[in-house]
Protein chains: 2
Amino acid sequence: MVSSKDVAKHAGVSQTTVSRVLNSPEFVKKPTFDKVMKAIHDLNYVPNGHARSLVQNKTSTIALLSGPLHNPFFVDTTSAIVHYANEMGYRVNVQFVNDEKLNEAYATAIEHKVDGVILSCILLDDPIFEKLTRMDIPFITYNRKHKNNEHFVEIDNFKAGYLAAQHMIEQGHTAIAWVGGTLTVSTFNNRYLGFLQAMKDYKLCLPEQYIINTDASKQAITDAFHKLMKLEHPPTAICAGADSLALFLIDVAIQENYTVPQDISIIGIDNVDISSHGSIQLTTVGSISEQNLGYLAIRELIEMIENKKNSCIQITESVKVFHRSTTRKN
Amino acid sequence: MVSSKDVAKHAGVSQTTVSRVLNSPEFVKKPTFDKVMKAIHDLNYVPNGHARSLVQNKTSTIALLSGPLHNPFFVDTTSAIVHYANEMGYRVNVQFVNDEKLNEAYATAIEHKVDGVILSCILLDDPIFEKLTRMDIPFITYNRKHKNNEHFVEIDNFKAGYLAAQHMIEQGHTAIAWVGGTLTVSTFNNRYLGFLQAMKDYKLCLPEQYIINTDASKQAITDAFHKLMKLEHPPTAICAGADSLALFLIDVAIQENYTVPQDISIIGIDNVDISSHGSIQLTTVGSISEQNLGYLAIRELIEMIENKKNSCIQITESVKVFHRSTTRKN
DNA sequence: TATAAAAATGGTTACGTATTCATTTTGGTT
DNA sequence: AACCAAAATGAATACGTAACCATTTTTATA
């Protein structure tokens with residue numbers, strides 16, 4: 001492997017000068033600069049990023065711990081995060097983690113002394129939080145948050161759950177079910193609480209069988225749907241804890257020859273990009289702002305890294321209903 | 001930052017022993033091992049990956065240069081690639097590149113001495129190819145390939161184009177249009193050639209206005225659709241060069257109050273995961289095998305990295321039609 | 001017990017860069 | 001020409017690890 005020493009020798013200068021040519025060319029005379037550049041080109045030299053990271057203690061790398069891409073929410077956020085980070089000169093190490101394999105993911109992230117960590121998949125009560133804090137690595141969570149989290153970006157999850165229920169109620173539904181994810185996740189927890197509050201405020205009956213909080217796998221959602229529709233009095237509407245769940249539900253419904261929304265109304269939360277596709281037209285609750293959570297989070301993280309500011313970043317975006325075609329008057 | 005020297009001092013051993021505890025514990029006595037582990041834990045030590053990379057000339061990192069995630073094909077492949085790589089102990093540096101900003105992307109990838117590069121976005125006649133070869137970094141392309149490419153994984157694009165046209169013809173269509181991407185991309189080029197061949201074999205008339213090869217942006221596809229449907233004799237069927245294009249077309253069609261497939265049949269190529277969703281049910285041509293191209297590519301790349309084998313990897317997967325609900329008898 | 005072999009540990013160095021400080025060269029002024 | 005300040009360059013070092021070789025300690029064998 002050709003190093004800056006080789007370049008120096010080839011150009012008849014010192015390694016220091018080679019380094020200067022690349023990092024502070026204003027301090028080197030034109031002829032010297034040209035000589036070195038020629039040598040760099042001749043030898044096909046590429047500086048070694050690891051050596052630089054080692055000496056500068058700066059990696060220009062960010063670790064992204066995202067949820068899986070089969071959830072369209074993470075498609076949108078991952079895309080936004082990687083694009084913005086690259087634009088700002090950072091490389092992004094991506095990992096798609098499920099909640100179990102979290103520890104490994106953190107380990108590899110930390111070993112490489114990334115400049116910052118941006119993550120979604122943290123539990124309300126996650127020991128990882130302390131580790132990251134102790135490591136003194138800037139980090140921010142998006143979508144989810146930790147119980148004593150300082151830096152996070154989220155939507156108003158409680159209100160989102162509330163609005164979802166309210167929307168169904170306003171459409172004349174009374175038999176409204178909830179299908180959400182595990183409550184150890186802040187997002188699902190708050191959305192669920194919002195849903196409950198609306199049902200209470202509007203004095204609607206909510207039988208226990210109408211409430212399903214399970215893991216977010218396709219299989220679990222399929223089972224949930226079956227369970228609901230086989231009840232003696234099946235619901236006429238389902239509020240899903242996330243668009244990804246809503247899309248699963250719709251898929252299952254169609255497979256089982258139900259028509260959405262004629263047979264059953266379904267609303268999601270997140271307003272993922274694909275929900276507005278003509279073939280899907282998912283009614284959902286999402287951020288009022290155009291910018292997705294991933295973008296907001298990475299912007300703040302890079303701000304934290306570069307300006308070392310330690311003021312708390314706590315962004316909660318307002319939400320509204322996007323009324324499309326998967327819900328209708330009952 | 002706490003280093004292995006600090007650990008060594010704290011444990012009363014040499015730095016070498018600390019290194020051994022972590023990398024070849026079988027050569028260190030139990031009591032010493034315990035002492036060191038305690039020190040590691042006490043000091044909250046995490047080894048520095050960059051220093052290790054520097055001395056070992058091995059990074060356990062792979063650069064992924066993918067197309068954008070709004071194309072669902074890249075959602076599937078990115079997911080598969082990152083998952084498999086992580087499982088095999090590699091970190092993945094992801095960049096979503098458009099064809100213009102390719103050079104920057106390569107530069108940052110190469111600077112960090114990644115163990116390998118996996119890329120989709122290469123043009124048939126791309127100077128990058130030579131650079132990578134000269135750098136002696138193992139690399140493989142998926143989906144697309146370079147004109148003198150050695151390692152690649154693709155589907156049988158020519159046949160895919162052929163089958164798409166054939167499917168429409170068998171459904172009784174005669175006015176069949178083509179909407180594909182730029183022909184400097186191997187994938188689109190071969191699919192287009194296959195389409196042409198089928199039209200020729202079946203002796204179908206193909207007016208020039210029925211052929212649109214443009215960039216793959218939503219706007220361009222919208223324009224293409226308008227152009228086609230405003231013709232005096234609009235087509236009754238469109239073969240799209242990729243599922244992403246087909247999905248754009250369907251979205252536009254629905255917005256413009258066309259019904260798919262009643263008003264117009266549309267077929268894609270790739271069989272992306274989302275195409276089988278109940279709300280979409282896109283008829284498409286895709287690989288016979290279950291495994292997506294990203295998975296095949298990363299598997300081969302890691303094989304190349306670890307076994308230094310230099311036999312050419314040239315995988316072309318057979319394809320078939322997945323007949324769903326966006327095409328029908330004319 | 002003596003001795004050789006094996007096991008365990010330590011000292012030193014290299015990896016490739018940026019940085020600090022010292023030295024040389026340049027250019028301007030008298 | 002002499003001198004000084006400024007500009008340009010170079011030498012030496014640190015970053016944190018793994019690897020190589022040397023040394024010490026332990027174990028097995030006669």
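Proteins get letters first, then strands, A, B, ... in listed order; numbering begins at 1 in each.
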TODO: Check side chain to side chain contact (heavy atoms under 4.5 Å, CB included) between A:A216 and all other residues, then give those that pass, not counting sequence neighbours.
DONE: A:L245

TODO: List the steps, then state whether salt bridge (Lys or Arg N to Asp or Glu O under 4.0 Å) holds for A:D34 with A:K38.
DONE: CA-CA 6 Å; A:D34 292 340; A:K38 181 175 181 314; over 6 Å; no

Task: Flag side-chain contact, heavy atom, 4.5 Å: A:T78 against B:F96 - done: yes

Task: Aromatic ring proximity, centroids under 6.0 angstrom, A:F139 and A:F129 - done: yes

Task: For atom CD of A:E26 and atom P of D:dA6, their distance in whole Å - done: 18 Å

Task: Distance in Å, A:I313 CD1 paired with A:E303 CD, rounded so as to fall on 0.5 Å steps - done: 7.5 Å

Task: Residues in contact with DNA chain C, drawn from residues 15-24 of chain A - heavy-atom cutoff 4.0 Å - done: A:Q15, A:T16, A:S19, A:N23

Open item on the list: Below 30° counts as parallel, above 60° as perpendicular, anything between as tilted: where do the rings of B:Y142 and B:F74 land?
Closed with: perpendicular

- [ ] Write down the distance between NZ (B:K113) and P (D:dT17), rounded to a whole number of angstrom.
- [x] 21 Å

Open item on the list: Check this for me, if you would: do B:E154 and B:K145 make a salt bridge, where the nitrogen-to-carboxylate-oxygen distance has to be below 4.0 angstrom?
Closed with: yes

- [ ] Round to a whole Å and report the spacing from CZ of B:F27 to C1' of D:dT26.
- [x] 16 Å

Task: Audit row: B:N292, B:T77, side chain to side chain donor-acceptor pair (under 3.5 Å) steps and yes/no - done: CA-CA 7 Å; B:N292 88 36; B:T77 52; 5.8 Å; no

Task: Positions of residues 29-60 of chain A (non-hydrogen atom under 4.0 Å from DNA chain D), listed by number - done: A:K29, A:T32, A:L54, A:V55

TODO: Taking side-chain hydrogen bond (donor to acceptor under 3.5 Å, both in side chains) as the test, write out the residues that go with B:S120, two or more places apart.
DONE: none

Task: chain A footprint on DNA chain C, 5' to 3' - any atom under 4.0 Å from a heavy atom - done: C:dG16 to C:dT26

Task: Results of side-chain hydrogen bond (donor to acceptor under 3.5 Å, both in side chains) for B:E317 - residues two or more places apart only - done: B:S287, B:S289

